[in-house]
Engineer: 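There's a structure below that I have some questions on.
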Number of protein chains: 2
Amino acid sequence: MLVDTGSCGRIPHACHHGRSENGCADCKVRLISVCSVLELDELEELEALSHHLTLDKGQALFGQDEPAGFVFNVIEGALRLTRLLPDGRRHVMGFALPGDFLGLALQERHSVSAEALGPVKTCRFARQDFAAVVETKPHLLRSLHERAGHELNLAQEQMLLLGRRTAEEKVATFLLSLRARYARAGHSSVTVELPMGRQDMADHLGLTIETVSRMLSRLDRAHAILLVPGGVRLLDLPRLEAMAAG
Amino acid sequence: MLVDTGSCGRIPHACHHGRSENGCADCKVRLISVCSVLELDELEELEALSHHLTLDKGQALFGQDEPAGFVFNVIEGALRLTRLLPDGRRHVMGFALPGDFLGLALQERHSVSAEALGPVKTCRFARQDFAAVVETKPHLLRSLHERAGHELNLAQEQMLLLGRRTAEEKVATFLLSLRARYARAGHSSVTVELPMGRQDMADHLGLTIETVSRMLSRLDRAHAILLVPGGVRLLDLPRLEAMAAG
DNA sequence: CGCAAGCTTGATGCTCGTCAAGGGGCGTGG
DNA sequence: CCACGCCCCTTGACGAGCATCAAGCTTGCG
C-alpha cells in the first residue's frame with residue numbers, strides 16, 4: 001500500500017534516508033508548512049528524520065483508527081480525508097493540499113483515513129521521532145497548536161455549512177473555499193482545479209452525487225461558473241459570494 | 001454583560017483578586033480540567049492570575065469575533081457556543097460543561113460566542129497572562145494541544161452527524177453523547193439533564209425545533225426514552241445505541 | 001387568574017434523495 | 001485506427017423526509 005521511493009545512495013553524500021536531494025532548505029512547501037517556524041539548524045535536525053514518500057492515485061496513506069506510526073507534510077498533490085460510519089456511509093472530512101500537515105494532533109491513532117486523489121508527494125516522519133523533536137522545541141509545538149486552532153475554525157465553518165445551508169450554498173461555498181486555499185498556497189486564479197470526483201464533493205458537503213451535479217449544472221447554466229474538464233472557472237465571483245454568504 | 005463577582009478582601013489572607021476562597025487545590029474541576037497536568041507550585045502560580053466569574057442564565061461570556069481578552073475554565077453550569085451566519089441563521093457548535101476550557105486555541109479572537117444556559121461559574125484568566133505562563137510550561141501547552149486534538153475529533157464526529165444522519169439518529173446520538181460527557185465528569189446516570197432548550201438542540205443538530213420535538217416524542221412513545229421536566233431518562237440504551245450507530 | 005414562553009402536534013409543501021437511464025471521455029484490444 | 005467497454009458524470013421522474021406554517025398545550029410567574 002505504501003510506496004517508499006526513498007533512494008538512499010542515489011546521490012551519495014546529500015542523501016539521508018531517502019529524502020529530497022536538495023533537502024528542506026529548498027522544499028517547495030517550506031514557507032507554508034509547519035516547518036516555516038524553524039531555523040536552518042533545526043531544519044537540518046528534522047531533515048535527518050524525514051523520508052520522502054510518493055503515492056499514486058487511489059493509494060491510501062493511512063487508514064482510520066490505524067495506529068499513527070507516522071506523520072506527514074504534503075508536498076504535492078491532494079488527498080481525501082474520510083471517516084466511515086459503521087453501516088458504510090462515508091463522510092469526507094476534508095482535502096489535504098500541499099503545505100498541510102497530517103497528524104497535527106500527534107495522537108496515537110489516525111482519526112481519518114487519507115487517500116491520494118492523484119500522484120502525491122509527502123515528507124514523512126516517524127511520529128515518535130517527530131514528537132521527541134517537538135518536546136525540545138516549544139515554538140514548533142506552538143506552531144502545531146496554532147494550526148490545530150485553524151483546523152478547529154475550519155471544522156466549525158464546515159459544521160455551519162452542513163447544518164444550516166442549502167445545496168446551492170454548499171456547492172458555491174465549497175468552490176470559493178477551494179479557490180481561497182489555492183490562493184494562500186500561491187496559486188491564485190479564477191480557474192479552480194477539482195482533483196476530487198463528484199462523489200467526494202457530495203460526501204464532503206452532505207449531499208448526493210446527483211445533487212452536486214445538478215447544482216454545478218445550474219450554476220453553469222446561470223453563467224456563475226463554467227465547467228471545464230478537471231475543474232471549474234468561477235465567472236461571477238460576486239454572485240457566488242452572495243450565495244455563499246447565505 | 002460580564003459580572004465579576006470577585007470579592008477581594010472578604011476572606012482577607014486567602015483571597016487573591018477575587019478567586020475562590022480555597023484556591024485551585026480543591027477546585028471541583030481541577031482533575032478534569034487542563035489544570036490536572038500542573039504541580040502544586042504551578043497551580044499557585046496560575047491561581048495568582050485567576051478570577052472567578054459567575055453568569056446568570058442568558059448572559060454572554062464573550063461574543064463571536066470579539067478580541068479574546070480572556071480565557072476560561074468552566075467550573076459549574078453549562079454554556080452554549082454559537083456561530084452566526086450573515087443572514088441571521090444560527091448554529092450551535094456545542095455546549096461547554098464543567099471542566100471544559102474556553103479559548104483553547106489561544107487565538108486573538110473568539111470564533112464563537114458563549115452564553116450561559118443557566119447559572120455558571122468560571123475561572124477566568126487574561127489571555128496574555130495565561131499565554132505567558134504556557135510559554136514557560138511546555139507540558140501545559142502539550143495538554144492544551146491534546147485537548148485541541150480531542151476537540152477536533154468531536155468536530156469531525158459532529159460533521160459526520162450533520163452530513164450523513166437522519167433526524168432520529170441525530171437526536172439519539174446527541175442524547176447518548178451528552179450522557180457520556182456527564183459520565184466522564186463523574187455524573188453517571190441514565191437520567192440526562194438537558195440544560196439547553198429545544199431550539200438549541202435543533203440548532204446544534206441542523207434540524208428545526210419541531211423536528212427535534214417530534215423525534216423526542218417518537219422516542220418517548222417507543223419507550224426508548226422518558227421525557228421528564230428539564231431532561232430525559234434513557235430507558236432503552238441498546239436501542240438508542242443501535243440508532244446512533246446508524 | 002391570566003399571560004408569556006417554550007414545547008407539542010397537525011397539515012401541507014419543498015428540497016433533496018432515490019431510482020433509472022443515457023451520455024462522454026479514455027484506455028484497451030482488435 | 002477504430003471499436004468496445006468501463007467509469008464517471010449528467011439528466012429526468014418520482015417520492016420521502018424534513019421544513020414550514022399554524023394551532024393548541026403546558027408550565028411558571030406576576
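Residue numbers start from 1 in every chain, and the chains themselves are labelled A, B, ... in the order their sequence lines are given, proteins ahead of strands.
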Engineer: Mind checking which nucleotides bracket the chain A contacts on DNA chain D, 5' to 3', with an atom under 4.0 Å from a heavy atom?
Structural biologist: dC9(D) to dA13(D)
Engineer: Rounded to whole angstrom units, what separation is found between the CZ atom of Arg198(A) and the P atom of dC16(C)?
Structural biologist: 18 Å
Engineer: Among Arg221(B), Met215(B), Arg214(B), find the residue that satisfies the side-chain contact (heavy atoms from CB on, under 4.5 Å) test when tested with Ser217(B).
Structural biologist: Arg221(B)
Engineer: Any luck finding a side-chain donor-acceptor pair between Arg109(B) and Asn153(A) under 3.5 Å?
Structural biologist: no
Engineer: Any idea which heavy atoms bring Ala116(B) and Asp56(B) closest together, and the distance?
Structural biologist: CB-O, 3.4 Å
Engineer: Begin from the C-alpha positions of Asp200(A) and Arg90(A) and carry the test salt bridge (charged side-chain N to carboxylate O under 4.0 Å, His left out) through to its verdict.
Structural biologist: CA-CA 9 Å; Asp200(A) 293 329; Arg90(A) 186 184 82 147; 2.8 Å; yes
Engineer: Counting only heavy atoms not in Arg233(A) (residues, nucleotides, ligands), do more than 12 fall under 6.0 Å from its CZ?
Structural biologist: no
Engineer: Any residue in residues 206-213 of chain B with a heavy atom nearer than 4.0 angstrom to DNA chain D? Just list them by number, or reply none.
Structural biologist: Gly206(B), Leu207(B), Thr208(B), Glu210(B), Thr211(B)
Engineer: What's Leu227(B) touching, base or sugar-phosphate or nothing? Going by heavy atoms closer than 4.0 Å.
Structural biologist: sugar-phosphate
Engineer: Take the angle between the ring planes of His187(B) and Tyr182(B) and call it parallel below 30°, perpendicular above 60°, tilted in between.
Structural biologist: perpendicular
Engineer: How close or far is atom C1' of dG22(C) from atom CZ of Arg214(A), stated in whole angstroms?
Structural biologist: 14 Å
Engineer: If you compare all heavy atoms of Leu216(B) against all heavy atoms of Ile225(B), which two are closest, and at what distance to 0.1 Å?
Structural biologist: O-CD1, 3.7 Å
Engineer: State, to 0.1 Å, how close Glu169(B) and Leu161(B) come at their nearest heavy-atom pair, and which atoms those are.
Structural biologist: O-CD1, 4.5 Å
Engineer: Mind calculating the distance between CD (Glu168(A)) and C1' (dT15(C)) to the nearest angstrom?
Structural biologist: 12 Å
